[in-house]
Amino acid sequence: MTSTAHLDPTTATAPWSLHPDRALPADPVLRPLAREVYAATRDLPIVSMHGHVDVALFADDTPFGDPAALFVTPDHYLVRMLVAQSTSPHGSPGVRGVQDLGVAPVPGAPDGTAPAETDPREIWRRFCAGWHLFRGTPTRYWTEHALVEVFGAPVKPSAETADALYDHLVDRLARPEYRPRALFERFGLELLATTDPAQSPLADHARLAADGWGERVVPTFRPDPLLHLDRADWATQVAELGAAAGTDVVDYRSYLDALRARRAAFVAAGARATDHGHLTADTTPLDDADAARILDRALRGEATTADARAFSAHMLFQMAAMSAEDGLVLQLHPGVLRDHCAGVAQAYGPDKGYDIPERTEYVRALRPVLEAFGHHPGFRMIAFTVDEDTFSRELAPLAGVYPALRLGAPWWFLDTPDGMRRFREAATDSAGFYNTSGFVDDTRAFCSIPARHDLARRIDAGHLARLVAEHRLDLDEALETAVDLAYHLPQASYPPLSA
Amino acid sequence: MTSTAHLDPTTATAPWSLHPDRALPADPVLRPLAREVYAATRDLPIVSMHGHVDVALFADDTPFGDPAALFVTPDHYLVRMLVAQSTSPHGSPGVRGVQDLGVAPVPGAPDGTAPAETDPREIWRRFCAGWHLFRGTPTRYWTEHALVEVFGAPVKPSAETADALYDHLVDRLARPEYRPRALFERFGLELLATTDPAQSPLADHARLAADGWGERVVPTFRPDPLLHLDRADWATQVAELGAAAGTDVVDYRSYLDALRARRAAFVAAGARATDHGHLTADTTPLDDADAARILDRALRGEATTADARAFSAHMLFQMAAMSAEDGLVLQLHPGVLRDHCAGVAQAYGPDKGYDIPERTEYVRALRPVLEAFGHHPGFRMIAFTVDEDTFSRELAPLAGVYPALRLGAPWWFLDTPDGMRRFREAATDSAGFYNTSGFVDDTRAFCSIPARHDLARRIDAGHLARLVAEHRLDLDEALETAVDLAYHLPQASYPPLSA
Amino acid sequence: MTSTAHLDPTTATAPWSLHPDRALPADPVLRPLAREVYAATRDLPIVSMHGHVDVALFADDTPFGDPAALFVTPDHYLVRMLVAQSTSPHGSPGVRGVQDLGVAPVPGAPDGTAPAETDPREIWRRFCAGWHLFRGTPTRYWTEHALVEVFGAPVKPSAETADALYDHLVDRLARPEYRPRALFERFGLELLATTDPAQSPLADHARLAADGWGERVVPTFRPDPLLHLDRADWATQVAELGAAAGTDVVDYRSYLDALRARRAAFVAAGARATDHGHLTADTTPLDDADAARILDRALRGEATTADARAFSAHMLFQMAAMSAEDGLVLQLHPGVLRDHCAGVAQAYGPDKGYDIPERTEYVRALRPVLEAFGHHPGFRMIAFTVDEDTFSRELAPLAGVYPALRLGAPWWFLDTPDGMRRFREAATDSAGFYNTSGFVDDTRAFCSIPARHDLARRIDAGHLARLVAEHRLDLDEALETAVDLAYHLPQASYPPLSA
């Protein structure tokens with residue numbers, strides 16, 4: 001599709017820089033207002049209350065790997081786009097599937113599974129050759145920011161510039177100021193929440209705390225594999241849970257006790273929240289006796305699919321009950337059908353770009369938890385969605401009345417310039433600004449964190465500028481609201497528990 | 001969250017006024033066009049064809065109560081937002097639940113139900129202290145308009161200004177020119193439709209008519225409680241219906257006769273429409289024999305949930321059949337799950353802000369009525385929705401072919417600047433402008449009626465201005481269309497029957 | 001509703017012309033950018049890869065009929081709007097139903113079915129008198145373009161100008177330069193794909209090819225009536241299929257063989273794609289034995305509704321399997337409930353404007369085909385939708401990972417200025433530009449083809465201009481992307497098979 005030559009080839013030799021007004025509204029009335037609002041938040045510290053950066057990165061503080069390992073292979077946004085174009089003649093040269101971007105077969109992959117490309121430079125070239133495919137996507141936006149603002153990349157990616165860029169990045173990655181802790185400081189990160197298995201001993205967090213970083217990187221309690229009885233590794237995970245909690249999990253009571261013990265350990269380590277990825281938002285509780293019977297069946301390896309579905313909803317309710325006790329904020333991320341292509345998952349493992357959003361129902365699904373705990377002063381729940389229809393119809397009306405419920409930032413496929421704009425336009429009517437919980441980057445791509453927060457601040461600035469220009473909000477209110485959205489709301493939505 | 005001081009404290013002392021261009025597009029090309037279009041409708045009389053203002057207000061013409069009773073306690077938009085922030089440290093000071101805003105427990109409320117705040121000044125202070133929570137919401141927009149344009153309020157609400165504002169409003173409310181009939185005149189209301197129970201004797205309407213106001217305030221026939229067999233008070237309501245109709249309701253035939261008699265009484269009193277709030281839009285009719293059997297069970301107190309569901313759909317079909325006979329326009333308002341939190345409803349009654357929209361299906365649900373009466377020259381149905389996805393997918397395509405169906409204005413949670421803009425952008429493609437039925441305010445807040453109609457005119461002006469600026473419509477057409485939307489379409493959609 | 005006189009009656013006498021910037025963004029920053037992007041595509045040839053123009057038009061090259069037969073009677077967009085306003089006093093004068101616009105009763109129509117209006121001038125007058133009803137709709141936009149740009153119409157339609165316009169059009173239609181082949185050349189059509197029944201002998205295509213037009217007009221394989229066992233004419237159609245394929249269809253095997261034979265004949269005639277209209281997107285395959293049993297029941301006239309539903313999903317899977325073999329691109333058009341009003345269909349036949357979109361699910365429905373063939377290098381599927389909620393939630397995420405899937409252009413009710421804009425805003429985040437398949441006009445209205453492609457290019461220009469103005473894309477990239485969307489992507493999405 002690269003049918004038209006670059007119109008001005010001289011641009012390729014100009015030093016690459018990003019426009020200061022990027023992602024602000026183009027309208028000549030809105031732009032100066034948006035600039036003014038953005039200026040109020042641009043330099044605020046980053047409070048990153050939900051994400052998936054590995055804590056070991058900071059505990060070890062070893063240099064990042066090569067450019068492919070940093071930017072390409074682990075980034076499912078990026079991998080999926082290149083794979084999607086792998087059969088197009090001019091799409092992704094050299095890419096036939098995830099393996100050609102460095103994704104390795106899992107142990108036990110079917111015979112004949114193609115091996116991973118092992119040359120990082122070759123992977124990087126494939127990415128650069130497909131750069132045009134990302135036009136108009138958030139991946140393009142985030143990657144530009146990281147390359148230019150974090151790494152000072154001199155030229156845009158392309159087949160021609162791939163090697164030079166690679167060498168540039170390798171050089172930078174070897175420097176001490178590109179180590180994880182140094183970048184943490186440079187990014188203006190005030191607080192970073194990681195996501196950790198419930199049974200994690202939190203050893204890396206302890207090492208970090210010993211280095212004086214305990215206030216800056218905190219864990220998040222993620223018990224998903226323990227709550228979904230139909231996961232292949234459920235029994236193993238439960239055994240690990242028991243070991244970590246010092247409790248033999250032999251029945252429903254000891255199972256709950258072990259979860260409670262781990263939650264307490266997380267609170268002690270500075271955790272502020274739990275995180276739950278469920279296929280639906282269902283929170284219907286079971287009778288204790290029924291729950292106990294299902295768990296017994298699961299421990300005997302006899303749980304059915306219906307058992308698993310009912311139990312995961314029940315446990316979401318139990319997690320809410322425990323949150324009302326211990327104060328951990330319950331984050332709910334429902335509605336994604338994982339590993340849509342079973343063949344890819346069997347060969348290369350989960351989360352390789354084949355997770356697809358589904359229609360999600362919240363009104364009846366959340367009713368049990370909201371009726372039970374929606375007015376509980378100690379309970380806080382943040383609901384996310386990948387089904388944007390629910391913003392105006394379900395989530396904003398719910399968050400606009402129940403004190404315990406906050407509406408999460410646009411998630412995953414919606415975490416984009418236009419997605420974030422539509423979110424504000426759809427959710428503010430019923431939820432206002434103050435029943436939303438602030439931006440979360442939800443990323444494992446550490447170097448994209450500044451890009452993501454900066455983009456959210458720009459989009460909010462544009463939205464607020466429009467309200468001012470339409471005389472629906474005063475400028476002083478817009479400035480205050482922008483600061484609240486960028487900084488105070490995430491703090492208030494995830495309050496510290498040990499303080 | 002009021003973390004940033006007001007940047008320009010002098011603005012607080014300037015007299016409060018609203019910008020003449022508010023809610024018009026900010027774009028410098030669109031704004032002058034939008035101004036011109038808006039100017040063509042700004043001073044047109046208000047035709048308010050659907051709402052919930054109590055007719056007794058005008059029959060008695062006694063002064064309004066205190067500011068809290070006028071603005072806060074009965075307004076579920078406002079109450080819900082303050083409740084939603086009741087556990088936030090800087091959210092709604094002094095608000096722990098609906099009771100702190102003056103909402104009183106119902107008879108039979110559970111023991112321990114918190115009593116209502118009885119000091120209206122205190123309630124008003126709580127509202128003013130939470131004013132920042134409404135930023136970007138329609139409540140903010142409507143309240144500003146009412147305070148400034150109707151009441152000449154000198155300062156914006158805040159914790160600091162609450163008392164002064166309260167005193168100002170009390171002073172105004174005591175004046176004769178703030179009585180209901182005087183405001184009716186001042187608002188430029190040409191016609192106001194109220195909503196009345198089917199069994200209402202319409203005595204207040206008769207009193208008004210005797211005063212010469214019969215052409216200006218007309219009733220609307222609302223039989224909901226009689227059509228939903230599972231309502232706790234169904235039997236009582238049916239007894240009242242029989243009494244009002246002079247018919248003993250002992251079976252299906254006498255039930256229908258009584259409804260028909262009341263419809264005739266409403267027509268005689270000037271009614272133009274019926275109004276139906278159902279959980280779904282289902283209009284599937286039953287065999288008469290089945291309907292009769294279900295009604296018999298209901299009269300014996302033995303109707304099941306399935307009976308109730310089937311019967312309410314059947315009766316919607318019957319209402320359409322009667323409309324085709326007597327000409328009353330059938331208004332359908334489906335898709336809201338009422339009283340999501342049962343505990344609040346048990347303590348404080350229905351409609352306290354816990355009504356939540358649900359996904360709503362229209363294509364198959366409306367098919368029985370549309371196949372039967374969709375081309376009937378005497379039948380007119382107006383469908384509303386709180387599920388905006390249905391505008392482009394279902395309702396505009398249906399209204400764009402069936403002569404009897406008109407698409408209602410964006411309803412409830414969608415009755416907002418951005419909601420109304422999205423409605424025009426989504427519905428016009430398939431329905432055009434002339435298969436929509438004009439703005440309805442649907443409000444019980446009498447003093448917000450001018451704000452709501454004015455806002456709708458501004459949003460339509462902005463939409464039409466964009467069509468003109470994009471050369472998709474001529475300016476003279478835009479001006480004519482604006483006047484049609486604001487004035488002629490509501491009239492034509494709800495034609496008088498007694499003329 | 002034509003309550004306000006035209007403000008400037010002189011405009012009616014000025015020669016009618018269209019603004020060169022129509023449908024470009026009004027914003028003063030965006031418009032010059034959009035103009036520049038649009039200029040890069042305005043004069044590109046039209047590649048019309050999916051539509052419903054009758055091939056006989058070009059094979060015969062006889063003049064078009066009268067203005068009513070060309071513009072009104074066969075255009076269901078237009079008919080439906082006039083019918084929708086048929087009971088409005090000022091809506092569609094003289095229109096009581098489809099018959100008054102020339103739609104004729106079908107053989108076997110119920111007694112009393114109103115006959116069709118047979119005077120084309122009268123039909124034309126009715127259309128012109130209802131011209132105001134189309135304000136803001138795509139019909140208005142396309143018709144303006146066709147009247148002015150194709151036919152040089154001197155005045156806008158209205159009750160007053162109807163006769164003069166009619167005479168003007170009759171004069172033009174009699175000229176040789178308005179014959180189908182001459183217009184084909186004038187429209188800059190490079191390639192036009194028709195849609196043809198699977199059992200079509202493709203005789204008109206052969207005649208055209210004999211005239212040297214074989215590279216310019218190609219057939220598309222449409223087997224719908226053969227795959228839906230519950231269609232009344234299924235047995236007849238299957239008999240025709242057997243005859244065309246030279247195979248007696250007596251069982252499942254011969255049924256598949258006959259379909260395969262016809263696909264081969266289509267490929268030989270230059271076809272590039274198949275087309276499938278199903279109520280849902282379900283692609284769940286059956287066991288061969290089950291499929292064979294169902295087909296046997298259907299051949300005996302004993303298939304059930306459940307059989308028909310399961311079999312159509314199964315056959316969609318089979319069509320994908322055959323596409324993976326022969327290379328025909330599988331186009332899927334699901335989610336429209338046909339003939340919502342059974343009475344109109346019985347009297348006047350299908351597709352008279354009563355087709356209504358439904359909520360459509362893709363994630364699980366497409367899973368069987370995508371798991372089986374989603375990475376097959378020879379398979380290409382293009383999914384369309386009339387449920388725009390699925391763009392951001394389902395279709396863009398799916399098209400953004402599976403190499404075989406492309407996202408079709410906004411279809412039918414969404415093929416509008418605002419619909420196309422929303423499509424780009426919703427789909428680009430996850431699918432980018434290069435997993436979409438380019439604009440298709442999908443029309444049977446030959447004279448509207450230039451209007452539709454031109455409009456799509458303008459909307460894409462506006463979208464790309466915004467990305468440039470927001471510094472999310474460079475201008476040179478925008479120009480290249482615009483050309484790709486308008487010209488290269490439709491070519492690449494439907495590659496030639498015989499080359």
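None of the values given here were measured: they were computed from a predicted structure. We name chains A, B, ... by the order of the sequence lines, and we start the count at 1 in each one.
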Next on the checklist: Could you report the tightest heavy-atom contact between C:R367 and A:L337, atom names first, then the distance?
Outcome noted: NH1-CD2, 3.6 Å
Next on the checklist: Restricting to non-hydrogen atoms, name the atom on C:P28 and the atom on A:P28 that form the minimum distance, rounded to 0.1 Å.
Outcome noted: CG-CG, 3.7 Å
Checklist outcome for this item: Checked A:K352, A:M81, A:R96, A:E358 vs chain C; the most non-hydrogen pairs under 4.5 Å come from A:E358
Next on the checklist: Can you tell me which of A:R31, A:E144, A:H19 forms the most heavy-atom pairs within a distance under 4.5 Å of chain C?
Outcome noted: A:H19
Checklist outcome for this item: Bottom line for C:R406: the part with an atom under 4.5 Å from chain A's heavy atoms is side chain
Checklist entry - Does any heavy atom of chain A fall under 4.5 Å from the side chain of C:A431, the backbone, both, or neither of them? => result backbone
Item to check | For chain A, the option from C:A426, C:A469, C:G400 that forms the most heavy-atom pairs under 4.5 Å | outcome: C:G400
Checklist entry - Measuring from C:F379:CZ to A:T87:OG1, what's the distance to the nearest 0.5 Å? => result 11.0 Å
Checklist entry - Side chains of A:R359 and C:D389: closer than 4.5 Å at any heavy-atom pair? => result no
Checklist entry - Is it the backbone or the side chain of C:A399 that comes under 4.5 Å from a heavy atom of chain A, or both, or neither? => result backbone
Checklist entry - Is there side-chain contact between C:R466 and A:D418, with heavy atoms separated by less than 4.5 Å? => result yes
Checklist entry - Which of the residues C:L370, C:D429, C:T481 is involved in the greatest number of heavy-atom pairs with chain A at under 4.5 angstrom? => result C:D429
Item to check | Region of A:V83 that comes under 4.5 Å of a non-hydrogen atom in chain C | outcome: both
Checklist entry - What's the shortest heavy-atom distance between A:Y354 and C:H375, and which atoms? => result OH-NE2, 2.6 Å
Item to check | Atom of C:Y434, atom of A:L133 and distance for their closest heavy-atom approach | outcome: CB-CD2, 3.9 Å
Checklist entry - Side chains of A:H340 and C:P397: does their closest heavy-atom pair fall under 4.5 Å? => result no
Checklist entry - Which atom pair, heavy atoms only, marks the closest approach of A:A26 to C:E470? => result N-CG, 4.3 Å
Checklist outcome for this item: Turns out that what part of A:F134 lies under 4.5 Å from chain C's heavy atoms comes down to neither
Checklist outcome for this item: Looking only at C:L30, C:V363, C:T428, C:V29, most heavy-atom pairs under 4.5 Å shared with chain A are made by C:V363
Checklist entry - Do the charged groups of A:K156 and C:E477 touch, with an N to O distance under 4.0 Å? => result no
Checklist outcome for this item: Turns out that what part of A:L414 lies under 4.5 Å from chain C's heavy atoms comes down to side chain
Checklist outcome for this item: Ranked by heavy-atom pairs below 4.5 Å to chain C, first place among A:G419, A:G353, A:C341 goes to A:C341
Checklist entry - If you round to the nearest 0.5 Å, how far is CD of C:E425 from CZ of A:R421? => result 4.5 Å
Item to check | Closest contact, heavy atoms only, A:E388 versus C:S392 | outcome: OE2-OG, 2.6 Å
Checklist entry - Pick from C:L467, C:L473, C:L464: which one has the most heavy-atom pairs with chain A under 4.5 Å? => result C:L473
Checklist entry - Do A:Q85 and C:N435 come close enough that some side-chain heavy atom pair is under 4.5 Å? => result yes
Checklist entry - Between C:H463, C:R380, C:R364, C:Q491, which residue shows the highest count of heavy-atom pairs closer than 4.5 Å to chain A? => result C:R364
